[in-house]
Amino acid sequence: MAEREALASEDGPSGGVRILFVGDLVGGIGRRTLLECLPLLRERLQPTFVVVNGENVAGGLGITPKSANQLFAGGVDAITLGNHTYHRREIYPYLDSEPRIVRPANFLRGQPGHGACVVEGAGGERLGVVNLSGNLHLRAGRSAFTEIETALGELGEVDQILVDMHAEATSEKVAMGWHLDGRVTAVVGTHTHVPTADARVLPGGTAYITDVGMTGPRGGVIGVKREQAIESLLTQMPVRFETSEEDPWLMGVLIRCAATPMRAESIEQILMPRP
Ligand SMILES: [Fe+2]
Ligand SMILES: [Fe+2]
């Protein structure tokens with residue numbers, strides 16, 4: 001049935017477009033898990049676009065030009081970020097010069113990088129990618145709810161739009177889903193590293209999930225070695241955190257786009273162990 005729907009939708013200008021969005025890659029283990037899962041996922045899901053959140057890919061915090069280049073070389077079309085964007089200084093000029101990597105659009109204008117980009121598929125399909133940061137418990141200079149309008153306006157002619165709403169509070173993410181319903185193809189939440197069970201297409205046609213989860217070690221505490229996380233909570237003293245390597249999984253979603261621009265047909269959660 002899903003196959004028939006996919007074939008039927010291929011008549012329209014953006015029908016048949018599939019977006020694989022993968023949640024926060026945590027450390028080298030997260031990057032390797034993605035790159036090892038990707039061939040299998042390409043075969044099974046045939047994504048037109050692969051977009052990943054890379055804010056934790058460099059040793060668990062931030063991203064470096066080297067790790068970003070490895071992701072692009074591995075077939076990633078665009079990278080989104082979040083509150084850890086500026087952890088590694090060497091990424092600052094890269095954020096300005098590489099169009100395919102976006103940091104939250106509602107950061108201050110003076111901060112390095114940009115919040116929106118457009119990537120093109122093999123068939124000429126144009127996907128707009130926007131990154132936002134929540135304003136509750138996260139540092140973002142401007143409101144996600146007002147700045148999204150500017151970011152959408154910057155995209156120009158596109159067939160579909162994916163918004164990564166990187167936020168701590170579920171309420172902000174749910175509200176952003178409703179705010180953009182019918183105007184973008186998908187609003188996907190990131191940051192908490194724990195997948196939520198609420199993936200659905202909203203009535204206006206926007207695919208939505210509060211958090212897609214992380215790509216990294218399930219054996220830790222949202223990416224950190226569990227003994228260290230527990231020690232920190234137990235002793236209330238500073239503890240040096242390292243990325244866990246235990247039980248790595250890929251967590252993401254596949255969004256099947258409708259033939260009509262800015263509309264999704266379905267959103268499917270992808271949760272798989274490293275092969
Ligand atoms: Fe993260
Ligand atoms: Fe984050």
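As the structure lists them, so they are numbered: ligands from 1, and atoms in each ligand from 1.
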Name every donor-acceptor pair, under 3.5 Å, that has one atom in a side chain of residues 194-204 and the other anywhere in the protein, sequence neighbours excluded.
| from | atom 1 | to | atom 2 | distance (Å) |
| --- | --- | --- | --- | --- |
| Thr196 | OG1 | Asp198 | OD1 | 2.7 |
| Thr196 | OG1 | Asp211 | N | 3.0 |
| Thr196 | OG1 | Asp211 | O | 3.3 |
| Asp198 | OD1 | Thr210 | N | 3.2 |
| Asp198 | OD2 | Thr210 | OG1 | 2.4 |

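With sequence neighbours excluded, the residues forming a salt bridge (charged side-chain N to carboxylate O under 4.0 Å, His left out) with Glu149 are Arg183, listed by chain and number. For Glu246, the salt bridge (charged side-chain N to carboxylate O under 4.0 Å, His left out) partners at least two apart in sequence or on another chain are Arg226.
In terms of hydrophobic clustering, with Ile, Leu, Val, Met, Phe, Trp and Tyr side chains grouped at heavy-atom distances under 4.5 Å, Val212 and Leu41 are assigned to different clusters.
Between Glu268 and Arg256, at least one side-chain N (NZ, or NE/NH1/NH2) sits under 4.0 Å from a carboxylate O, which counts as a salt bridge. Between Arg32 and Glu245 there is a salt bridge, with a side-chain nitrogen of the basic residue lying less than 4.0 Å from a carboxylate oxygen of the acidic one.
Around the Fe ion (ligand 1), protein N, O or S atoms at less than 2.8 Å number 4.
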